[in-house]
Amino acid sequence: MPQNPPDQRPADTKTPETNAYAYEPVLSAEVRAALSAGPPVVALESTIIAHGLPRPRNLSVARELEGIVRSAGAVPATVAVLDGRAHVGLDEDQLERIAGDPSVRKLGHRDLAPALAAGASGATTVSATAFLAARAGIGVFATGGLGGVHREWSENQDESADLRLLARTGITVVCAGVKSILDVPATLQRLETLGVGVVGYGTGHFPGFYLSSSGEPVDWTVHSPEEAVEVIRAKEALGGPAAALIVANPVAEQDQLDPALHDRVLAEALDACRERGISGQGVTPFLLDQLMRRTGGASLEANLAAVRGNVALAARIAVAAAVAR
């Protein structure tokens, strides 16, 4: 279960020596009211805004995603760190800053403490967003695709921090699977090992991020937000170790990247990685850049279609959960 939201005590300074609450997440007034007695809340990450989309389109997409949540009857809580304070829910000025400031860093869960201590600003990845959202008491989080186990893991043991964080954070994550540049079968095996639940939404196969299907089966399928909520309720009633539930929602077939084009470009990009000696953390941004450039931007459009669908579904699940309560 997500933790209760932190006390929202007024801070007269951001200096930790004189304010014991300087590092507590700051909830926007709208999010705080919703968590107290209002409509359900859906957490949104900010990395896609700051680092995943070109400017100025990133700001219009950020507004669009928040609008999708509102249209379903829920409250959006975009998460970010600004000047050493973690924010759950951004106002318009803060959203514009995340979208427009090129100095905004990318923050995973492990980066939060140094960023807060240093007074830095950053956009939150899946791991950081899930952690802060759960800390605030938010139960549903929408994103594009998760990180996972990288290809050739046996050589470099490169695995996203998302997986371990989700293994100990009781939040429901709606996503389009994991990025297709990763080792999908190994990622699914790792999720099983870590005890992270996975259900397909209207599909018997794990989504492939840009693609509707990765070709890998899932053990369980739900067909409506209400069925997803029943899984959440059963999970909460059982108790036990906190772990996330992944609702794997495929991008619509008409919006996916052409599978043949995807496979060809990815294979050629992987060959280029080996030829150029690109390894470790340099692999993912190189492959994503190659996919966008060599598909004429079609991979970006597929990504956005997936994110929109995930945000809409997350809002419907949050509303259904509120009704069930």
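Quantities reported herein were computed from a predicted structural model and do not represent experimental measurements.
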E92: partners by salt bridge (charged side-chain N to carboxylate O under 4.0 Å, His left out), with sequence neighbours left out: R63
Could you note down all residue pairs passing salt bridge (Lys or Arg N to Asp or Glu O under 4.0 Å) where residues 295-307 supplies at least one of them, sequence neighbours left out? R57-E301
What one should report as the nearest heavy-atom pair of V229 and I317 is CG2-O, 3.6 Å
Among all residues two or more places apart in sequence or in another chain, which pass the ring-ring contact (aromatic ring centres under 6.0 Å, His included) test with F131? H109
Go through the structure and list residues passing ring-ring contact (aromatic ring centres under 6.0 Å, His included) with H51, not counting sequence neighbours. none
Minimum heavy-atom distance between A242 and G170, given as atom pair plus value: CB-N, 4.1 Å
Please find the pair of heavy atoms, one from F141 and one from V126, that lie closest to each other, and give the distance. CE2-O, 3.8 Å
With no hydrogens and no angle check, is any side-chain donor or acceptor of T47 less than 3.5 Å from a backbone partner on T124? yes
Going by atom types only, do H262 and S180 share a side-chain donor-acceptor pair under 3.5 Å? yes
Looking only at side-chain N and O atoms, does R97 offer a donor or acceptor that is under 3.5 Å from a partner on S121? yes
N/O donor-acceptor pair under 3.5 Å between T143 side chain and C175 backbone: no
Please identify each residue that fulfils side-chain hydrogen bond (donor to acceptor under 3.5 Å, both in side chains) with D263, with sequence neighbours left out. none
With a sphere of 6.0 Å drawn around CZ of R294, does it hold more than 12 non-hydrogen atoms of other residues, nucleotides or ligands? yes
Give a yes or no answer on whether the side chain of N58 reaches the backbone of A50 with a donor-acceptor pair at less than 3.5 Å. no
NZ/NE/NH1/NH2 to OD/OE distance under 4.0 Å, K235 and E230: no
If you look at every heavy atom in L65 and V311, which pair is closest and at what distance? O-CG1, 3.6 Å
For R293, look at atom CZ and say whether over 12 heavy atoms of other residues, nucleotides or ligands are found less than 6.0 Å away. no
Contact summary for V31 and G89, nearest pair of heavy atoms: CG2-CA, 4.0 Å
Check whether the side chains of E45 and T125 place a donor and an acceptor atom closer than 3.5 Å, and report yes or no. no
Tell me if a side-chain donor or acceptor on Q94 pairs with a main-chain N or O of D91 at a distance below 3.5 Å. yes
Expected list for residues 246-255: side-chain donor-acceptor pairs under 3.5 angstrom, two or more places apart:
from: N249; atom 1: ND2; to: G309; atom 2: O; distance (Å): 3.4
from: N249; atom 1: ND2; to: N310; atom 2: OD1; distance (Å): 3.1

Which pair of non-hydrogen atoms, one from L287 and one from C273, has the smallest distance, and what is that distance? CD2-SG, 3.9 Å
